Asks: 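Got a structure for you, questions after.
Worth saying up front: this structure is predicted, and the values here are computed from it rather than measured.
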Amino acid sequence: MNMALAGLLAGMALGFAGYFGGFGAFVLVAALGAVGFVVGRLLDGDLQAGEFFHPRSDRDDRRR
């Protein structure tokens with residue numbers, strides 16, 4: 001699935017949630033979509049779980 005189609009599906013899901021469930025449902029669907037995106041990236045190997053837990057100073061030192 002390409003990114004344009006994934007974006008279309010996500011936009012439609014958010015639109016339906018906002019229309020039928022109100023703003024609270026819209027926020028809930030957006031938050032769960034973001035969590036699902038991060039989990040998917042972790043499972044694909046594009047992200048490492050340790051990147052979220054290192055202090056910012058450690059990340060800056062590794063880049064130099």
Side-chain angles (χ1 to χ4, degrees):
M1 175 183 307
N2 63 19
M3 293 304 290
L5 184 59
L8 173 68
L9 293 174
M12 289 176 62
L14 288 172
F16 281 121
Y19 183 76
F20 292 110
F23 184 72
F26 174 83
V27 172
L28 179 66
V29 169
L32 291 176
V35 168
F37 176 76
V38 170
V39 169
R41 297 288 296 232
L42 285 169
L43 293 175
D44 281 343
D46 294 336
L47 289 176
Q48 298 295 324
E51 293 178 12
F52 295 106
F53 302 112
H54 289 290
R56 184 171 294 276
S57 61
D58 288 347
R59 282 190 249 169
D60 292 338
D61 292 339
R62 285 188 288 164
R63 290 182 184 167
R64 293 182 190 173

Asks: Can you name the nearest heavy-atom pair linking A17 to A25, along with the distance?
Replies: O-CB, 3.6 Å
Asks: Restricting to non-hydrogen atoms, name the atom on L14 and the atom on A30 that form the minimum distance, rounded to 0.1 Å.
Replies: CD2-N, 3.5 Å
Asks: List, by chain and then residue number, the residues other than L32 in its hydrophobic cluster (Ile/Leu/Val/Met/Phe/Trp/Tyr, side-chain heavy atoms under 4.5 Å); write none if there are no others.
Replies: L28
Asks: Using the side-chain contact (heavy atoms from CB on, under 4.5 Å) criterion, which residues pair with F23? Sequence neighbours excluded.
Replies: F26, V27
